[in-house]
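A short worksheet on the structure shown next.
Numbers restart at 1 for each chain; the letters A, B, ... are given by sequence-line order, proteins then strands. Note that these values count all heavy atoms, side chains included, but never hydrogens, waters or copies made by symmetry.
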Amino acid sequence: MSASSAGPTGTAVPPASSYLDAEPGAWESVPDALGHFGAFGGRFVPEALMAALDELSAAYEQARTDPAFVAELDGLLASYAGRPTPVTEARRLTGHIGGARLLLKREDLAHTGSHKINNVLGQCLLTRRMGKTRVIAETGAGQHGVATATACALLGLECVVYMGEEDTRRQALNVARMRLLGAEVIPVTSGSRTLKDAINEALRDWVATVERTHYCIGSVMGPHPFPMLVRDFQRIIGVEAREQVLALTGRLPDAVVACVGGGSNAMGIFHRFIPDASVRLIGCEAGGDGLATGRHAAAIAGGSSGVLHGMRSYFLQDDDGQTKVSHSISAGLDYPGIGPEHSWLHETGRASYRVVDDTAAMDALALVAKTEGILVAIESAHAFAGAFDVARELGPDATVLISCSGRGDKDVDTAARWFGVLPTDGGEAARD
Amino acid sequence: MANRIDERLAGLAAGGRKGLMTHVVVGYPSLASTSALILAMDEAGADFIELQIPFSDPLADGPTIQSACEAAIARGARVQDAFTIAAECSGRVRAPLLFMAYANTVYRYGTEAFCRDAAAAGISGLIVPDLPTEAARHEGYFEACRRHDLHNIVTLAPTSTSDRMTVNASVASGFVYCMSRQGVTGAQLGLAPDIQAYLRRVRGHLAVPMAVGFGISDRARLEQVLPYCDVATVGSALIDRLAGTEPGDVTGQADTTRAFLRTLTPALA
């Protein structure tokens, strides 16, 4: 069933299974059989992983058309993950910004606190279907690691999470969460000791253990079929949101705005809207200290085409192709690349990408908290900051849908330090 | 002019000998020592020498080569240095030289330019561990290698299915590089338990000679694989021995390398 058949008067959110019912259209031609989104994507991995990627592609092709698989995933998304997540109209925030009507897709309300659960439930069911018993994952901020540990606990799978040593210190609480959920967390001490190196280490583990292990990649990145697979499992965000916005406003939004690190929440909310030519798709990359300082994580705005982590895409790199270290206050966006479908959407012009620096994101976080009573993740705060500009540009007759991809509980420590609101700081001495 | 890899393989076959391929990371322990190590390896009887161009994210490599790459880059090694060193050494050694480079290094340089300049520097073959056959075809890599008389060395792994062996055999040139086990490079982990059956399976698919690498740390392991292959590769074990030397002690590094290789070469006869 096509989700677009429901009109403005529709109130029912479509069943979760419509995430797999991709509507036909030109945008469905990507990726091709080898995983190319135009010039991007593909499979750049050692031969030792090629058979496993073929196996995964075949298993996914079978699963997506198997009613039993779809029903089991739908059941978990509804009864365990808490889908559909609502769309919230942000009235006070809209008034404060003085532009377009702001609507929030509330992935922060999904189980484990972000959209990451959508993807891991799908991949962990696939793992079981392939007869594998061990799941490995990389994590930056810890959200994908926590989600993977959760799904593995639920499905009785062994779980190992690779996390940069630097990040295990910055996100100690999420390390504890993963361990409580029964996962083994391995601090990565190679390279820059952050997300990029955690991915390298997970890939190295996978090469050695591929016969019994599935690598549950957390974003729309990596070698084919991962960018497609993760997009498809996240696509439900946009499928639900499109119906919800139509029901609420009677028309499509004028813009959809999401933050982009690897870009899974953005691909998830964008994908259903790609055929809707009137809807602007806008990704917000992390600008760190500012694009001009070179200390940022904006792969499209400040990077160039390259090959890393199994894919061709945009990366931060020097003239020799050595990866540069990225910088962002948001550990989840602190990655020197971006998923290949985003690079393609950028190159075709179907989506546009903006840069939001640390300060703008933190200001947005504070404003959303005080006007709407929602403490969003710092990652998501980048989307809000970008959306405020978009809302002012489009004016009060427009509607802007924002992907509120995660909740900010994990970021309380960082935010408290940024704004100086810990009791030891003297309370109200906010930094602004 | 024949490719030097072919000449060396023909020589090995004619003499009933097995070959030894050795490995340097360009710029490790220093740029100054790289040339000295290549000359020392040649002198000690290496049949093929791989020059690895250091990359920031060497995902097919274990801790030894990761650290060597990191150190080389930190000490200022550039991609261009690999071409300079190859040009300096290729005329002075008997062993054919190969580049081992990650896909991004080749892509950023430009596939055609990389192959052209490598050939001009006296390189005889390329190993790109994260460029599987399908991607290599898509990049026009095989044509570029052929245009410049470079052998593209394809890799096979224990998990390579029969279909994949057939696909890889169809594009193999020079020799194939068989991973002795699933995993990353490194001397510590040893060989796959079923290595003999696996290498026999590879042999059944291939018309070209077979090199085996990963985990060949000493003469005992070397003797274990030699009956089933044509060329054995020693990489991390050599680099592990350099880790104990002073970075500036070029002579000491060359001596250490020669001494270690001379413990291995008697097994080849």
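B/R108 CZ to A/S304 OG: the interatomic distance, rounded to the nearest 0.5 Å, is 3.5 Å. Atoms CG and CE, on B/D163 and A/M50 in that order, are 12.0 Å from each other to the nearest 0.5 Å. Rounded to the nearest 0.5 angstrom, A/Q322 CD and B/E70 CD are separated by 11.0 Å.
Shown here for A/R204 and B/V184, the closest heavy-atom pair between the two residues is CG-CG1, 3.5 Å. Nearest heavy atom pair, residue A/S190 against residue B/Q66, reads CB-OE1, 3.5 Å. Nearest heavy atoms, A/E47 versus B/S160: OE2-OG, 2.8 Å. Listed here is the closest heavy atom pair of B/P132 and A/F44: CD-CA, 4.1 Å.
For the set B/T155, B/V154, B/T105, the count of heavy-atom pairs under 4.5 angstrom toward chain A peaks at B/T155. Between chain A and the residues B/A135, B/A157, B/A136, B/P129, the most heavy-atom pairs under 4.5 angstrom are made by B/P129. If you tally non-hydrogen atom pairs under 4.5 Å between each of A/A51, A/G35, A/A48 and chain B, the highest count goes to A/A48. Taking A/D319, A/L308, A/L34, A/L203 one by one and counting their heavy-atom pairs under 4.5 Å with chain B, the maximum is reached by A/L308.
Residues A/R312 and B/E139 meet the side-chain proximity criterion, which asks for heavy atoms closer than 4.5 Å.
At a 4.5 Å heavy-atom cutoff, B/I53 makes no contact with chain A through either its backbone or its side chain. The part of B/N168 that comes within reach of chain A is its side chain, from C-beta onward, which places non-hydrogen atoms under 4.5 angstrom from that chain. Proximity to chain A involves both the backbone and the side chain of B/F55, based on heavy atoms less than 4.5 angstrom apart. Using a 4.5 Å cut-off between heavy atoms, A/S305 contacts chain B through both its backbone and its side chain. Only the side chain of A/D54 comes within contact range of chain B, judged by heavy atoms closer than 4.5 Å. In this structure, the portions of B/P58 lying under 4.5 Å from any heavy atom of chain A include both its backbone and its side chain.
Side chain of B/E134 to backbone of A/G42: no donor-acceptor contact under 3.5 angstrom is found. A donor-acceptor pair under 3.5 Å links the side-chain atoms of A/D320 to the main chain of B/V79, judged by distance alone. Remark: the backbone N or O of A/G321 is paired with a side-chain donor or acceptor of B/N104 at under 3.5 angstrom. Proximity of a side-chain donor or acceptor of B/S56 to a complementary backbone N or O of A/T323 within less than 3.5 Å is detected.
Judged purely by distance below 3.5 Å, without hydrogens or angles, the side chains of A/E211 and B/T159 never pair a donor atom with an acceptor atom.
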